[in-house]
Amino acid sequence: MANMMTDATAPITQDVLTIPRKLPLDGLTNIVGLTRDALRAALIAAGTPERAANMRVGQVWQWVYHWGVRDFALMTNLAKEYRAFLAAHFTIALPQVVTRQVSADGTRKYLVRIAGGHEVEVVYIPEQDRGTLCISSQVGCTLTCSFCHTGTQKLVRNLTAAEIVGQIMLARDDLGEWPTPGAPKDETRLLSNVVLMGMGEPLYNFDNVRDAMQIAMDPEGLTLSRRRITLSTSGVVPEIARTATEIGCNLAVSFHATTDAVRDRLVPINKRWNIATLLDALRAYPGLSNSERITFEYVMLRGVNDSDADARRLVKLIAGIPAKINLIPFNEWPGAPYERSDWTRIRAFADIIYKAGYASPIRTPRGEDIMAACGQLKSATERDRKSRATIAAEAGLS
Ligand code: SAH
Ligand code: SF4
């Protein structure tokens with residue numbers, strides 16, 4: 001543990017270059033990412049009469065989020081003049097898919113470009129009974145969890161609500177999953193679940209994540225139930241209660257250690273909000289959000305946090321919290337300072353938790369061949385080890 005990356009004195013956040021958001025220059029307002037209230041206000045500000053505004057919101061909303069339409073000219077229940085008015089003031093814009101890779105196991109990874117030229121990754125994971133989209137909330141991450149590839153990326157920018165909900169929409173484009181007018185309603189959905197487990201700490205971009213999820217959960221349009229959305233946090237305690245009351249989705253927590261000494265090294269935000277403080281916030285979550293269980297994510301690192309004693313401590317710590325424990329075999333990345341625990345160790349750990357009465361699924365690494373597994377995401381520009389100066393220049397910042 002003499003390694004710099006695992007030193008307990010490592011800072012909670014890294015010395016990042018925070019990228020300002022560059023707005024498109026065409027002066028059009030993007031409809032994607034506006035909540036119903038914001039869309040109503042924007043339509044009125046552009047000249048829609050107030051008395052018609054609620055109806056227009058409903059119509060536009062349905063075209064954009066139910067039918068997946070991107071062209072105002074196709075909004076056939078609106079008068080031609082109103083379609084022209086919309087086109088003159090608004091746009092329907094998604095982040096752009098740069099590359100799409102498909103793993104041997106069917107996992108799809110999209111490299112997506114957002115305004116300013118920065119990139120995030122989005123991963124679609126098909127399973128027997130569901131299809132999960134893992135979306136990003138930031139370019140990079142300001143936190144420095146020592147086992148996470150994203151945490152080594154020095155470039156950080158919050159995604160807008162449009163860029164967050166846009167990831168769901170572009171995946172639906174790729175999966176061919178927008179409904180066809182007149183066709184019988186298809187209840188089986190390829191994209192049935194969303195996890196905020198890609199790049200970034202979602203609770204450091206709370207408002208945009210909340211707005212994007214409110215759009216995704218709206219009863220018309222994408223209609224993802226709050227029970228099919230899981231937000232994962234490293235433990236930003238002050239925002240946990242708001243997550244319950246303002247989003248109400250399932251919560252996952254990157255727990256990863258059973259003593260403060262070890263968690264300080266693995267998840268440095270623990271130095272700000274330690275295990276006891278975090279657990280207090282988690283105890284209140286299910287009551288506030290009416291959700292069933294909290295997922296404790298636990299990355300299995302050989303010789304670091306994977307002993308029987310750890311498993312027993314974990315069970316004691318979470319006593320009384322409706323929980324499931326998701327064991328994540330460590331996914332390696334170039335230069336990572338840890339190794340994955342071996343399977344017999346992971347199974348022994350899982351067994352102790354299971355016998356204590358908790359579900360303890362071991363997460364199967366998916367899409368490893370395309371670097372799509374948990375913690376392996378990092379913007380391709382960064383992976384290519386371009387200098388900060390080069391990246392800043394490309395982003396038009398220098
Ligand atoms: N920033 C949020 C969400 C993104 S990470 C958070 O930290 O919770 C999604 C999960 O993958 C987290 O539990 C994270 O700790 C875990 N993870 C990160 N790097 C990993 C790696 N190399 N192998 C396995 N899991 C990893
Ligand atoms: Fe950020 Fe989560 Fe990675 Fe930690 S594990 S560095 S919080 S993305």
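All ligand and atom numbering here is 1-based and tracks the order in the structure.
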Asker: Suppose the cut-off is 2.8 Å; which protein N/O/S atoms would you list for atom 1 (Fe) of ligand 2?
Answerer: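 Per the 2.8 Å query on atom 1 (Fe) of ligand 2, atoms found are Cys141 SG.
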
Asker: How does Met197 reach ligand 1, by side chain, by backbone, by both or by neither, if only non-hydrogen atoms under 4.0 Å count?
Answerer: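 Both backbone and side chain of Met197 come within 4.0 Å of ligand 1.
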
Asker: Decide if atom CZ of Arg56 counts as having more than 12 heavy atoms of other residues, nucleotides or ligands within a radius under 6.0 Å.
Answerer: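 Yes.
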
Asker: Under 4.0 Å from a heavy atom of Ile328: which atoms of ligand 1 are those, numbered in the order shown and with their elements?
Answerer: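 Result: 24 (C), 25 (N).
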
Asker: Side chain, backbone, both or neither: which part of Val299 comes within less than 4.0 Å of ligand 1 when only heavy atoms are counted?
Answerer: side chain

Asker: Under 4.0 Å from any heavy atom of Cys148, which atoms of ligand 1 are there?
Answerer: 18 (C), 19 (N)

Asker: Evaluating non-hydrogen atoms only, which member of Ala336, Ser232, Ala252 is closest to atom 2 (C) of ligand 1?
Answerer: Ser232

Asker: Between Thr233 and ligand 1, which part of the residue brings a heavy atom under 4.0 Å of the ligand: side chain, backbone, both or neither?
Answerer: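 The part of Thr233 near ligand 1 is the backbone, not the side chain.
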
Asker: Heavy-atom distances under 4.0 Å are what count here, so tell me which part of Glu332 touches ligand 1: side chain, backbone, both or neither.
Answerer: neither

Asker: So if I count the atoms of ligand 1 from 1 in the order they appear, which ones are less than 4.0 Å from some heavy atom of Phe147?
Answerer: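 Every atom of ligand 1 under 4.0 Å from some heavy atom of Phe147: 15 (O), 17 (N), 18 (C), 19 (N), 20 (C), 21 (C), 22 (N).
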
Asker: Just which atoms of ligand 1 are under 4.0 Å from any heavy atom in Phe330?
Answerer: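 Answer, ordered by atom number: 21 (C), 22 (N), 23 (N).
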
Asker: Among His149, Glu297, His256, which one puts a heavy atom closest to atom 15 (O) of ligand 1?
Answerer: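 Checking each option, the heavy atom nearest atom 15 (O) of ligand 1 is found in His256.
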
Asker: Using heavy atoms and a threshold below 4.0 Å, how should the contact between Trp333 and ligand 1 be classified: side chain, backbone, both, or neither?
Answerer: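 For Trp333, only side-chain atoms sit under 4.0 Å from ligand 1.
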
Asker: Atom 2 (Fe) of ligand 2: protein heavy atom closer than 4.0 Å?
Answerer: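 Flag for atom 2 (Fe) of ligand 2 set to false, no protein heavy atom closer than 4.0 Å.
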
Asker: Just jot down the ligand 1 atoms closer than 4.0 angstrom to any heavy atom of Gly198, in number order.
Answerer: 4 (C)

Asker: Determine, considering heavy atoms only, which of Ser254, Cys145, Pro329 sits nearest to atom 8 (O) of ligand 1.
Answerer: Ser254

Asker: Among Ile318, Asn326, Leu278, which residue meets the side chain to side chain contact (heavy atoms under 4.5 Å, CB included) test with Val253?
Answerer: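 Only one option passes, and that is Leu278.
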
Asker: Check whether Phe255 forms a cation-pi arrangement with Arg263 (NZ or CZ under 6.0 Å from the six-membered ring centre, at most 45° off the ring normal).
Answerer: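 Yes.
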
Asker: For the side chain of Arg340 and the backbone of Phe330, is there at least one donor-acceptor N/O pair under 3.5 Å apart?
Answerer: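 Looks like yes, one N/O pair under 3.5 Å.
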
